[in-house]
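See below for the structure under consideration.
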Amino acid sequence: MGKQHVVTMLPGEGTGPEICEAVRMVIDASGVDIKWEYEDIGLDCLEKYGTLLPDKTIQNIAKNKVALKGPTTTPIGTGHKSANVTLRKVFDLYANVRPAKLIPVLKRPWDKIDIINFRENTEDSYAAIEHMVSDEVAQCLKVITWPGSYRIADFAFKWAKANGRKKVWCVHKANIMKMTDGLFLDAFREVAKKYPDIESGDIIVDNCCMQLVRNPAQFDCLVLPNLYGDILTDLCAGLVGGLGFAPGANVGDGCAIFEAVHGSAPKYAGMKKVNPSAVLVSGIMMLRWLNEEAAAAKIEKAMFAVLDERKHVTYDVGGTAKTDEYAQAIVDKMHANA
Amino acid sequence: MPTFTETAKATKKKKEIKLVGVDMYIITEKGIPKFDDIGPFKCEFISNRGTKVWPGFVSPDLLQVNWYRCRFMATKDVQDADVNTFLDALTRKGWWWSAAQKLWNYDGEAGFSKAY
């Protein structure tokens, strides 16, 4: 067994705890040595701490620098601030990395999709600067900065170079928002000059949506401001099989949090019914970030095999297995493959 | 395609509007600003790119730009003229600011967001 990693586990709420237990079982069975430290996050914290994100949780993540997070619910409209957005802000997790890759056994209308989205995670209309500027006008400031745009573009090109990717696209609406999206595009073009071996291009966001649903195979890496990124990453997840299989990583210079991007499905809480794959593939991303490639590959291979057999899969992919039964089937497959 | 002869006119409900503070957008290269109380206005928080940088925990890795939102809340009932005096005092203290946004409550509810 190699180096021990200490990871903050944030089970979240609703179905989060049962999903995270299933995922922990699979990761622990892969042979990787992880000490899990559990902390609270989400709506269940409100009564106990008066906040969705307690200070104790923040301090633990600050110590460990890496966390795996289950789903949480963000209240709509008035009320408490999103725990997810707060985490990204507090730890300056500026790069939201959202791969969208076809899983072979999930039948989709396309032969190939292998897109990596790099969503700027801290600026844009998510800067929480909103005012009722009169009793009938609301205003939200869209904040785009040169250093914020520069670093997400550089992150995307670095990732592309390290992973043998060929082209990075900048997605924008600079034809209309000439200052904000114009600045984002300028920064992208400046960064692109540093990476002559990687092809670069730009595309207007509405055209990008249309092209994605018509011919997604043409895209490789996309770098996007926060709001377009929020929308297009879910679009890409839909292309490859839905949010149930969509991993996500929020990465900063000093910290990374890996999470499912789907909701907490509170109506299924305690029923052990839901598919834990999104948190599991996020966990696989985390293992690769921790340089545990062997464990990551072992889990991935076993998961694909279990999905391919369709004997122990959850209801959303046509099976009847419970959350933990699906996880156990992956563990059994790993042992059989060993 | 159907055609419509009337365009809906939005209903409007009269609300009670009360001035309760000012968001100041300060430009500085000297890091997080520090303020004493200025007349009836007290600095409640400062954010940078939407992230609260004062008071409380700030990640040492946090990217900050030279533009800070500084929220000043009134500690007593204030009028528009008090904001004019406040802006003048702030400018005389040497602060360079790009914009000011008055903060109003509407029927007792805040018409402005909190920082993350």
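Each chain gets a letter, A, B and so on, in the order the sequences are listed, and its residues count up from 1.
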Exercise for review: Sort B:L63 into side chain, backbone, both or neither according to what part of it lies under 4.5 angstrom from a heavy atom of chain A.
Suggested key: both
Review point. Taking everything shown except A:M210 itself, do over 12 heavy atoms lie less than 6.0 Å from its CE?
Key: yes
Exercise for review: Count the heavy atoms of every other residue, nucleotide or ligand shown that sit under 6.0 Å from NZ of A:K194, and state whether that count exceeds 12.
Suggested key: yes
Exercise for review: Could you tell me which of A:L141, A:V143, A:I129 has the largest number of non-hydrogen atom pairs under 4.5 Å with chain B?
Suggested key: A:I129
Practice item. Please flag which part of A:I58 lies under 4.5 Å from any non-hydrogen atom of chain B: side chain, backbone, both or neither. Key: side chain
Output all donor-acceptor pairs under 3.5 Å across chain A and chain B; consider backbone as well as side chains.
| residue | atom | partner | partner atom | Å |
| --- | --- | --- | --- | --- |
| A:K81 | NZ | B:A115 | O | 2.6 |
| A:K89 | NZ | B:R49 | O | 3.4 |
| A:D92 | OD2 | B:L63 | N | 2.6 |
| A:T122 | OG1 | B:R49 | NH2 | 2.6 |
| A:E123 | OE2 | B:R49 | NE | 2.7 |
| A:E123 | OE2 | B:R49 | NH2 | 3.1 |
| A:A128 | O | B:R69 | NH2 | 3.3 |
| A:A128 | O | B:S113 | OG | 2.6 |
| A:E130 | N | B:S113 | OG | 3.0 |
| A:E130 | O | B:S113 | N | 3.0 |
| A:E130 | O | B:S113 | OG | 3.4 |
| A:H131 | NE2 | B:D23 | OD2 | 2.7 |
| A:M132 | N | B:G111 | O | 2.7 |
| A:M132 | O | B:Y106 | OH | 2.8 |
| A:S134 | O | B:Y106 | OH | 3.4 |

